[in-house]
Amino acid sequence: MPNEKKSLGERLILPELMKGYAVTLKTLASKPTTMQYPEERWQMARRYRGYPKLVMDEQGDPKCVACGLCAVVCPPNAIELQAGEVPRAKERQPIDFKIHMGRCINCGYCEEACPKSAIEMSKMYELNTTSLDDMIYTKEVLLQDY
Amino acid sequence: MPKVKIDGREIEVPKGTTLLQAAERLGLEVPQMCYHPGLRIVGVCRVCLCQVKGQPKMTPACATEVAEGMDVGLYTPEAEKARRAVIEFWLLNHPLDCPVCDQGGECPLQDIAFDHGPGTSRLADPKFRKQKRVVLGPHVVLDEERCILCWRCTRFTQEVSGSFQIMLRERGAATVVGTPPGQSLDEPFSGNVVDLCPVGALTSSDFRFKSRIWEMASSEGVCTACSVGCNTFVWSKKGAVERLTARPNLQVNDYWLCDRGRFDVAFTSNPERFRTPRLRVNERMIEVEWEDALLAMAEGLRASATRGQNQAAALFAPHLANEEYWTFQKFVRAHLGSNHLSLGRRETLVPSRVDLARRGHMLPSIADLEHMDAIVILGGDLELTHPVYALRVRKAVQERGAKLFLATPAPERLDPVAEFSERVAPAAAAEWLTALAQKLKTGSDHPAIRALAGAQKVALLVNAGDANAEVAEAIEAFLGSGPKDSIWKTLVLDDGGNRWGASLLGISPQYFPGLKIVNAEEAQGLKTRWAGRVSAEPGRAWPDIMAAAEEGKLQALLLVNSGRPHSWSFTSAERAALRRIPFVAAFALFTSEVAEVAHVIIPSVSFAELDGTYTTADGVVQLGRRNIVPGGPTPVQVLYRVASMLGTKMKGPDPIDVFREIAREVPQFAGIDYGQASRGGARTDKALAGAGSR
């Protein structure tokens, strides 16, 4: 604050400098709080919303039945999918499922809209790529564990 | 007229009205499932149950006629309770797989269960499991679990299409719909049961799992597969037409579509459809920029546009929009100075049809069939050429008691309901009709013919592709043989989606627009109006155009197709003749249509990519809306560009402007605008067809 008048001690500098050294000395001995990212990572809270991913069922098929509710509820229109018929009991599956992670705003609406719990918000938050195209996650990528 | 009180509101309705109709007239929403205006009433779904004062039990509103002084409770607590119970029964064995189900989003079961249902189920036991994927026929797949037994599909095949190909099997909760043993649902109207099914039990194999309802854009279209002009909803997603559904129009197609029109949509997104113009360079077709193609077209037409008359010709597919026909014929007449305009190889009945119309012999509307005492059909099988008209005929016979007389070349599905049916070869049609007229006059032993002779209202449908003057004479003789003061009318059916519209708009060598005969006087009038060089000489029809090409008399040829694929079916001799023309420009959806003969091929648009009106066989002008933005200019826009390159200005290429010009210049279209054409259609040639009879 430029208008605030400084006290004599502050104007002499030296006592303040000593105070600073005292803090340094005190913390030198204690455990550091800085996390060594990326070697160390946060344990995310249970309700943390990272980027969405698709869930598999016990048979290893996507739980998704391609009803399209996630796509229609998605505020930034990041989800695009195409349904197709499969010769199984479930009949319907996405033959194509794409999420543009660059558009995703991590709102979690897709997870909330899904009637089959087939899409959920992962804990993943790292999206650094060298190309925008890499941000479009295909079905195969979305089904991986991340 | 009885007065009823529904939920405290009084209304007076004509006798015979049902409670459901009365309530809807009051603006009340009545939950309904099995009720369909195009089918007979059965009252099996029970969701429209209501309480009538003085009656101990609930009564279905759809199946109860109003009576004087009825006091009806539609939303009383008791009625709602009964409805809740009905809905709980429906959902007992319903799989509730809405996320998977194609009907999700347009499902009355969803809506009704949400609005009136109990919200929970008390069923503790497992649900009945049934077949999930039963292929009923080439177009329809059944999911037995989802069916709630409304009988709409069975009633359709029994009452409307007459195929009896869907029935109910088993009893109680095990009841399923299916085809009779050893049969499949292969009738020509099977797609309608998919439209009718209120739940997702009957699905179309073409559309199954392809798209959710809310992902598609729908618009009002008109089918151009034949000249019935069925009203459709066109549903598209990402630039591809996904499905067509029927749009009710009681004057044209009732509630139905035929499978031929309904399922012929895959071409719109066929990867083989070409999107960039092609130019022939050194006998090879290469892709070029639009600008280059248009320049090449202008160059190719310049010779015939500047000197000489009748040196250019244009051949048209029979399913273009009115606006396209008008623009092209005006361009060819006014700028190329030629009357060589042909709709195809076949000789049309246009001259005689005009005469018949002038004398007031034409059936004003196909819907009038329902008021006829007798219907006579001469020529090909309606179900093959004009399928939805066959449904109208069947309705007139089965529901209204008209007598049907068939004179067709081959056995057909209408035979069982016909009073009289005979096999008549197309070539003998005129002879047969003349003989019948003779018999009607002199009297006959045949009881059916005696009945026909005494009929007051008779409609003659002539479905003869090669009908000629001889047939027209026979028609005249037949119509004259009715009793005194009777109403005997005829309707001559054309093939192609818009052949009658094309004829009215002057796609004919002998007629200017408005069916005015080509002569010096008319040509002079058009010359001044269009500021062009209109020829006063009648043009050539298809065979003569080919002959002129063979002799090297033609400088340029336009082959015009748009809307849907078209096979020109040139013979090898004709193809050789066409190759002698110095310049052939073609508008096509697929290069294969014209690849061998054209010098420039311009991609044209599909029916879903164009605002345009179409004229039905009975003369109704209907507007089909654009659903998909085309990837390039439409044929009409191309023509305007080419015309301006040739140094002439035509009036703006917007379809609505073109149609305004049509309404101004063609008497049959006078007074029609896009508003009327989109609201159920507007009638052409009111003066000719004798509008007084309606």
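Small disclaimer: the values here were computed from a predicted structure and weren't measured.
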Item to check | Atom group of Lys90(A) that falls short of 4.5 Å from chain B, counting heavy atoms | outcome: backbone

Checklist outcome for this item: Cut-off 4.5 Å, heavy atoms of chain B, and the answer for Ala66(A) is backbone

Answer yes or no: does atom [atom1] of [X] have more than 12 heavy-atom neighbours from other residues, nucleotides or ligands under 6.0 Å?
{"X": "Arg11(A)", "atom1": "CZ", "result": "yes"}
{"X": "Leu25(A)", "atom1": "CG", "result": "yes"}
{"X": "Tyr37(A)", "atom1": "OH", "result": "yes"}
{"X": "Tyr48(A)", "atom1": "OH", "result": "yes"}

Heavy-atom closest contact ([X] atom, [Y] atom, distance):
{"X": "Trp214(B)", "Y": "Gly68(A)", "result": "NE1-O, 4.0 Å"}
{"X": "Cys67(A)", "Y": "Pro99(B)", "result": "CB-O, 3.1 Å"}
{"X": "Arg92(A)", "Y": "Val100(B)", "result": "NH1-O, 3.2 Å"}

Checklist outcome for this item: Counting heavy-atom pairs under 4.5 angstrom with chain A, the leader among Arg208(B), Glu215(B), Lys237(B), Lys210(B) is Arg208(B)

Item to check | Distance-only donor-acceptor check, side chains Gln82(A) and Lys238(B), under 3.5 Å | outcome: no

Next on the checklist: Show me the pairs that pass side chain to side chain donor-acceptor pair (under 3.5 Å) and involve residues 116-135 of chain B, at least two apart or across chains.
Outcome noted: Glu85(A)-Arg133(B), Glu80(B)-His116(B), Glu88(B)-Arg122(B), Asp97(B)-Lys132(B), Arg129(B)-Glu145(B), Lys132(B)-Asp143(B), Lys132(B)-Glu145(B)

Checklist entry - Tell me the side chain to side chain donor-acceptor pair (under 3.5 Å) pairs involving residues 177-186 of chain B, sequence neighbours left out? => result Gln165(B)-Asp186(B)

Next on the checklist: What I'd like to find out is whether the side chain of Arg212(B) reaches to under 4.5 Å of the side chain of Leu69(A), using heavy atoms alone.
Outcome noted: no

